[in-house]
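First up is the structure itself, then whatever we jot down about it.
Note that ligands are numbered from 1 as they come in the structure, with each ligand's atoms numbered from 1 the same way.
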Amino acid sequence: MITIQEALQIIQQQLPAAQTTRCPIERAPGFVLAQDVDAPEPAPRFTNSAMDGFAVRWEDIQRAGADHPISLKIIGESQAGFPFKGEVHPGTAVRINTGAMLPPGSDTVIPVEEVHQEQAFIEVRTAGSKGQHVRYQGEEFQKGERLLKAGTVLSPRHIALLASLGIDQVSVYRPPAVAVLVTGSELVDFRRQPSPGQIRESNGLMLRTLVTASGGEVVYQTVVPDDLMITRTEIRKAADRADILIFSGGVSVGPHDHVKHAAAAEGFRALFWKVKQKPGKPLFFARQKETLLFGLPGNPVSAFMTYSYYVHPVLQKLRGREFSWSVCQGQLLAAVANPLERTVFLRVEVQKEGDPPGYRVKPLKRQGSHMLTSIARADGFIILEPGRSLGAGERVRVYRFPE
Ligand code: AMP
Ligand code: MG
């Protein structure tokens with residue numbers, strides 16, 4: 001049996017490179033940008049008004065005052081979307097809307113509230129400052145400026161920026177394609193009433209939603225009876241479609257556990273089987289060319305924990321992020337000990353409280369690996385090495401479950 005550190009190291013050595021693809025921006029939120037995005041044009045694209053008012057020449061109005069009104073003739077309008085076609089000559093003004101192009105000749109905007117209008121004329125009594133209420137071409141960024149860095153996880157706010165620049169596609173990392181294969185002849189669809197001895201199948205949905213939470217894409221999902229030939233057929237089908245095969249169950253030593261043999265028969269090389277850990281000891285990992293196969297134990301808690309620690313960071317890496325978990329540090333609320341010769345993944349609740357605010361880490365009482373409440377009530381886990389004990393108040397690192 002290998003340690004959890006050895007297992008992680010083997011997995012990291014086997015990872016294929018992340019793949020990139022072009023993606024229309026409307027489908028890009030959640031994807032990781034594979035290339036920097038530089039501005040194809042300046043912003044604003046043209047010099048425009050920040051206010052509704054009048055575009056004027058500073059020279060004309062700079063001496064305006066309460067007792068020295070200046071009268072300008074209105075010669076037209078620059079509407080948003082419809083620029084004024086002429087030029088602002090001395091003694092004239094052009095009505096202008098927010099966002100409308102500043103007409104040639106003008107350099108300053110007087111807000112509509114600050115002028116007195118009399119038919120075709122305005123009277124200016126406060127000059128303000130030269131260039132006021134004008135947004136200059138390129139004042140936000142110039143053409144060629146770096147706007148988004150490769151590695152950015154795209155979200156709606158980035159999509160807006162891309163759309164405003166007319167960028168309709170971006171290069172992103174392709175989300176890893178995952179097949180979820182659940183084994184067990186005792187399993188029935190969770191919507192059906194199980195007969196005595198049957199078990200409701202819950203790992204399929206759990207793994208499917210976990211994969212989605214990790215940023216992967218489930219491209220194939222099936223329930224496989226405990227049968228060697230059917231397991232082999234399903235491995236072939238899944239490997240045709242997916243980068244990663246996730247099995248649940250069928251990796252223990254029972255006569256009905258066929259995943260290891262089926263994988264070997266289909267050309268997968270076993271890289272490890274069994275890790276010194278609790279839960280999740282029978283974890284199996286294999287590879288064939290660029291396809292990875294994880295054989296998670298069928299026990300729902302073990303499947304969840306081994307997914308969280310081993311599979312989740314793999315999906316992160318393949319979707320263009322770091323091989324990592326979401327972690328936080330906190331203070332243990334109760335002493336814990338691991339008397340075993342295996343590493344324990346101890347489920348904990350994370351509370352944010354105190355002054356100054358910090359994380360309090362509460363070990364959960366019921367840790368049975370057949371008890372789904374031990375993960376449903378937990379926010380994550382801490383790693384307790386064999387023989388290790390920790391006192392209340394000690395700082396620990398919490399691995400948060402994928403959300
Ligand atoms: P296995 O690893 O196949 O020996 O399964 C271990 C335990 O987990 C058995 O009690 C199974 O009935 C249970 N189990 C296996 N697969 C599932 C599943 N998909 N949903 C719920 N329980 C399961
Ligand atoms: Mg089984």
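Within the 3.5 Å criterion, the main-chain N or O of Ala127 finds no donor-acceptor partner in the side chain of Gln62. A distance-only check finds no donor-acceptor pair linking the side chain of Ser214 to the backbone of His312 [under 3.5 Å]. With hydrogens and angles disregarded, a donor-acceptor distance shorter than 3.5 Å links the side chain of Thr3 to the backbone of Glu6. With Gln221 contributing its side chain and Arg208 its backbone, the two residues share no donor-acceptor pair below 3.5 Å. A distance-only check finds no donor-acceptor pair linking the side chain of Glu41 to the backbone of Lys143 [under 3.5 Å].
For the pair Glu186 and ligand 1, the shortest N or O to N or O distance falls below 3.5 Å.
Residue contacts with ligand 1 do not include Gly184, since none of its heavy atoms lies under 4.0 Å from the ligand. Residue contact check for ligand 1: Arg200 places a non-hydrogen atom closer than 4.0 Å to it.
Gly250 N, 3.1 Å is the protein heavy atom nearest to atom 3 (O) of ligand 1. At the top of the distance list for atom 20 (N) of ligand 1, counting protein heavy atoms only, stands Ser202 N, 3.0 Å. The closest protein non-hydrogen atom to atom 15 (C) of ligand 1 is Gly298 O, 3.3 Å.
For ligand 1, the atoms closer than 4.0 angstrom to any heavy atom of Asn299 are 5 (O), 6 (C), 7 (C), 8 (O). Atom numbering of ligand 1 starts at 1 in the shown order; those under 4.0 Å from a heavy atom of Ile199 are 12 (O), 21 (C), 22 (N). In summary, the atoms of ligand 1 found under 4.0 Å from a heavy atom of Val182, numbered by their order in the structure, are 19 (N). Close approach of ligand 1 to Glu201 is summarised as follows: ligand atoms under 4.0 Å from at least one heavy atom of the residue are 18 (C), 19 (N), 20 (N). Close approach to Gly249 involves these atoms of ligand 1, each under 4.0 Å from a residue heavy atom: 2 (O), 3 (O).
Under 3.5 Å, the side chains of Asn338 and Arg388 contain no donor-acceptor pair of N or O atoms. Side-chain contact, Arg157 with Ser155: a donor N or O sits under 3.5 Å from an acceptor N or O.
By the definition of a contact as any protein heavy atom under 4.0 Å away, atom 10 (O) of ligand 1 is not in contact.
Asn97 is listed as a side-chain neighbour of Asp52, based on a closest heavy-atom distance under 4.5 Å.
Residue contacts with ligand 1, taken as heavy atom pairs separated by less than 4.0 Å, involve Leu187 solely via side-chain atoms from C-beta onward.
Here the rule is ring pair (Phe, Tyr, Trp, His ring centres under 6.0 Å) with Trp325, and of Phe381, Tyr399, Tyr307, Phe345 only Tyr399 fits it.
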